[in-house]
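This report refers to the structure that appears directly beneath it.
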Amino acid sequence: MASWKLLEVHTEDQTPHKWCVSLSEETFKRMFSHGSPTVHKIYGDGSLFSPMLFGKFFDPSDAFPLWDFESDVLLSNLRSSGKTSIDWFQTDDAYVLKADLPGGGNNIVQIYVENGKVMEISGQWKPQGDQSKTKDWRSGRWWEPGYVRRLELPEDVDWRETEASVSNDMVLELRIPKNTSNSSTSGSGIITKHSD
């Protein structure tokens, strides 16, 4: 039976030039064709972090309006071949995303919400060595040591109440409540949910 750990959802990130280097389709194809089994697990068919997840190339560092689409429609080809480990849907009171995370126990996933408009799910699967002291891995060729998926948030969310958790089976679950009031909110800091 899987146990779940609550994650912090950060709302302030001062990293300059984060995601400024785009992953091109040509670079992705070259990296993937020469990649290790870990690269194939992170960026392969059906992974949340694959640039090919939606049927054609889409740089995962660009924000995608995920909840504008039905997962059954967008992932129909992957589901028919049993190659997907992601699902998203909405209920009457929340938007929900479930996805397998790459790597093992040493993988630390981070969740950021930028200005209440974009949710960023990222992590580092390979240490950077000496560069890590001078440059944030997200400011350069981020796909070599890590992964990201940036998602546009629907306008009717209460992003401050986002709940994020990961299981010991490395399954991520995000629950973003729908806003029950018409007021807009903005802020900074860290949203922390504590578990017993």
Where the side chain of Ser50 meets the backbone of Tyr43, is there a donor-acceptor pair that is under 3.5 Å apart?
yes
Supply the atom-to-atom distance Trp4 CH2 to Leu172 CG, rounded to the nearest 0.5 angstrom.
8.0 Å
If I compare all heavy atoms of Phe69 with all of Trp88, which pair ends up nearest, and what's the gap?
O-NE1, 2.9 Å
Heavy atoms only: give me the nearest Gly140-Val21 pair and the separation to one decimal.
O-CB, 3.3 Å
Rounded distance [0.5 Å steps], CD in Glu152 versus CZ in Arg150
9.5 Å
Rounded distance (nearest 0.5 Å) linking atom CZ of Arg149 with atom CD1 of Ile86:
7.5 Å
What one should report as the nearest heavy-atom pair of Ser71 and Asp87 is OG-OD1, 2.9 Å
Hydrophobic clustering (ILVMFWY, side-chain heavy atoms < 4.5 Å, transitive) - are Leu53 and Val118 grouped together?
no
Using side-chain heavy atoms (C-beta onward) and a distance below 4.5 Å, is Leu48 in contact with Tyr147?
no
Under 3.5 Å, is there a donor-acceptor pair between the side chain of Asn115 and the main chain of Lys117?
no
With a 4.0 Å cut-off, would you call Asp93 and Arg175 a salt bridge?
yes
Over 12 foreign heavy atoms within 6.0 Å of NZ, Lys98:
no
Asp156 side chain to Lys178 main-chain N or O, any donor-acceptor pair under 3.5 Å?
no
For the student: nearest non-hydrogen atoms of Ser122 and Val148, plus distance:
CB-CG2, 4.0 Å
Residue pair Leu153 / Gly116: nearest heavy atoms and the distance that separates them:
CD1-O, 3.8 Å
Distance in Å, Asp62 CG paired with Leu151 CG, rounded so as to fall on 0.5 Å steps:
11.5 Å
Determine which pairs satisfy salt bridge (Lys or Arg N to Asp or Glu O under 4.0 Å) with at least one residue from residues 20-39, sequence neighbours left out, and list them in order.
Glu25-Lys29, Glu26-Arg30
Would you mind reporting whether Leu66 and Met119 have side-chain heavy atoms less than 4.5 Å apart?
no
Would you say CD of Glu70 has more than 12 non-hydrogen atoms from neighbouring residues, nucleotides or ligands within 6.0 angstrom?
no
Taking atom CD1 of Ile42 and atom CH2 of Trp143, what is their separation to the nearest 0.5 Å?
14.5 Å
In terms of hydrophobic clustering (I, L, V, M, F, W, Y; side-chain heavy atoms under 4.5 Å; direct or indirect links), are Leu174 and Tyr112 co-clustered?
no
Nearest non-hydrogen partners of Ser24 and Phe57, listed with the distance:
C-CZ, 3.4 Å
Can you measure from CE (Met31) to OG (Ser36) and round to the nearest 0.5 angstrom?
9.5 Å
Can you check whether Thr180 reaches Asp158 side chain to side chain, under 4.5 Å on heavy atoms?
no
For Phe28, give me all partners under ring-ring contact (aromatic ring centres under 6.0 Å, His included), at least two apart in sequence or on another chain.
Phe32
Under a side-chain separation threshold of 4.5 Å, the hydrophobic residues clustered together with Phe89 are Val96
Given side chain to side chain contact (heavy atoms under 4.5 Å, CB included), test Ile111 with Thr162 step by step and report yes or no.
CA-CA 10 Å; Ile111 314 286; Thr162 298; 5.5 Å; no
